[in-house]
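Data block below; observations after.
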Amino acid sequence: MRMKSILSRRAFTALAGAAAIATAMPVTSFAADVTIPIIVKDTTSFYWQIVLAGARAAGKDLGVNVPELGAQAESDINGQISILENAVAGKPAAIVISPTEFKALGKPIDEAAKSVPIIGIDSAADSKAFKSFLTTDNVQGGRIAADGLAAAIKEMTGKEEGEVVILTNLPGVGSLEQRREGFLDQIKTKHPGLKVIADKYGDGQATTGLNMMTDLITANPNLVGAFASNLILGQGVGQAIAENKLGDKIKVIAFDSDDKTVGFLKDGSLAGLVVQDPYRMGYDGVKTALAVSKGEKVEANVDTGANLVTKANMSDPKIDALLNPKIK
């Protein structure tokens, strides 16, 4: 229902934005003539829908045309490269992009930056051409996940000990590799009683996460915890815990949220969610791109923040606003 609501609001906002531009006063004429495409990893995912909603709101507030672009799956790396090349050919004022893969998007972004300013959000690429980069500190996000998992296991067993696993959605994705790095480092240095017995990669599908976690449960009867490093894996791993009714025996921390993972948090299938601020990434990404297009100085790196959400704090106003972003 929330996805349908987002899509209907998108249509309404697009019409409202067009009307606002058509009646804009001369003082906003510069912005009204500006096009700033935003390119996300996957236009179908709830997380990226929130990013797009933030970008759309910025376009409306600033009187900027913001085409919403992206592939149908995060694994479609070549698709995103083609979308970027086509966006550059349109000669926009700037481009906001979340690269699907660190290495593969490096050269295409370098090439694009020769013609148009590039603003990065969410995930890094092997490029120094970004005018500004807005993202969660993903290494810190991984640390937050490790601390949350250790606390949940201690609450369950009385001690920070036992076998845990980490599951990463796709290999080579900058944000996911940073979360993995932060998690593994924090486990090693702060929670040495926890032993990482499996470090696995998926293929971008929730069903793969479900199957991987089911296999790990079967093969490791002493398993007490897991970290699923993005929304798609959180859905799959949460479902595996729910189907096997293991919420009181295996604690799971996942990254990002939607109705399904929040439901798993409520019923105990997930012990916690590390929640970012994707709406802010989209909004501030477009706002920063507009500033760059006007020659204004901007911050090179902006941390948009991350919080651990548990059943205990999910009703707090700050957390509730992240779980239920206002989509206009």
Side-chain angles (χ1 to χ4, degrees), residues 1-3 45-47 141-169 179 183 186-187 191 193-198 200 202 205-276 306-325:
M1 290 297 292
R2 180 180 293 181
M3 181 69 73
S45 166
F46 180 66
Y47 176 85
R143 295 190 185 110
I144 291 171
D147 290 342
L149 184 60
I153 291 170
K154 185 174 182 180
E155 183 179 357
M156 175 178 65
T157 66
K159 53 189 177 182
E160 288 186 4
E161 294 180 5
E163 299 177 350
V164 301
V165 297
I166 177 171
L167 298 93
T168 302
N169 192 43
R179 292 170 198 170
F183 178 83
Q186 194 78 344
I187 290 292
H191 310 291
L194 299 179
K195 181 181 179 182
V196 179
I197 60 168
K200 293 187 173 293
Q205 303 297 319
T207 51
T208 301
L210 166 62
N211 293 334
M212 286 196 302
M213 190 64 195
T214 300
D215 290 345
L216 287 166
I217 290 168
T218 302
N220 302 280
N222 296 322
L223 190 64
V224 295
F227 172 43
S229 68
N230 86 331
L231 177 62
I232 294 171
L233 277 184
Q235 294 169 344
V237 173
Q239 186 174 342
I241 297 297
E243 288 182 356
N244 289 279
K245 296 181 173 58
L246 291 172
D248 59 344
K249 295 182 179 179
I250 300 175
K251 297 303 177 181
V252 178
I253 303 294
F255 227 92
D256 298 324
S257 67
D258 67 352
D259 286 346
K260 188 169 186 177
T261 54
V262 169
F264 287 145
L265 182 64
K266 290 177 179 178
D267 70 20
S269 299
L270 296 178
L273 300 169
V274 181
V275 178
Q276 307 178 78
N307 295 269
L308 179 66
V309 179
T310 65
K311 202 170 183 178
N313 72 358
M314 64 187 301
S315 296
D316 293 352
K318 177 184 176 182
I319 299 300
D320 182 69
L322 294 172
L323 293 177
N324 302 289

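Please read these numbers as outputs of a predicted model, since none were measured by experiment.
For the pair A206 and I232, the tightest heavy-atom approach, listed with the atom from each and the gap, is N-CG2, 3.3 Å. Annotation for Q186 and A146: closest pair CB-CB, 3.6 Å, computed over non-hydrogen atoms. Residues A306 and V274 come closest through the heavy atom pair CB-CG1, 4.1 Å.
We find the CG-CZ distance between N169 and R179 to be 9.5 Å, quoted to the nearest 0.5 Å. To the nearest 0.5 Å, atom CD1 of residue I253 and atom CD1 of residue I144 are 11.0 Å apart. Atom-to-atom distance recorded for D259:CG and F264:CZ is 11.5 Å, nearest 0.5 angstrom. Distance CG/L233 to NZ/K200: 12.5 Å, rounded to 0.5 Å. With rounding to the nearest 0.5 angstrom, the CG atom of N244 is 10.0 Å from the OG atom of S269. Rounding to the nearest 0.5 Å places CZ of F183 at 9.5 Å from OG1 of T168.
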**Report entry** Test log, rule side-chain contact (heavy atoms from CB on, under 4.5 Å), inputs K318 and N307
**Finding:** CA-CA 10 Å; K318 177 184 176 182; N307 295 269; 3.4 Å; yes
**Report entry** Step-by-step side-chain contact (heavy atoms from CB on, under 4.5 Å) determination, V309 to S257
**Finding:** CA-CA 10 Å; V309 179; S257 67; over 6 Å; no
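Residue I197 forms a side-chain contact (heavy atoms from CB on, under 4.5 Å) with just one option from V165, L216, I166, and that option is V165.
Within a 6.0 Å sphere centred on NZ of K260, heavy atoms belonging to other residues, nucleotides or ligands number more than 12.
Side chain of N313 to main chain of T310: a donor-acceptor pair is present (N/O by atom type, distance under 3.5 Å, no hydrogens or angles). Remark: the backbone N or O of K266 is paired with a side-chain donor or acceptor of K311 at under 3.5 angstrom.
Using a 4.5 Å cut-off on side-chain heavy atoms (C-beta onward), L223 and M213 make contact. The side-chain heavy atoms of D147 and L308, taken from C-beta on, include no pair separated by under 4.5 Å. L270 places none of its side-chain heavy atoms less than 4.5 Å from the side chain of I241. Side-chain contact check for V262 versus M314: some heavy-atom pair is nearer than 4.5 Å. When side chains are defined from C-beta on, Q205 does not count as touching L210, because their heavy atoms never get closer than 4.5 Å. Side-chain contact between I153 and H191: absent, with no pair of heavy atoms (C-beta onward) separated by less than 4.5 Å.
Checking T261 against D258 by side-chain atom types alone, a donor-acceptor pair falls below 3.5 Å.
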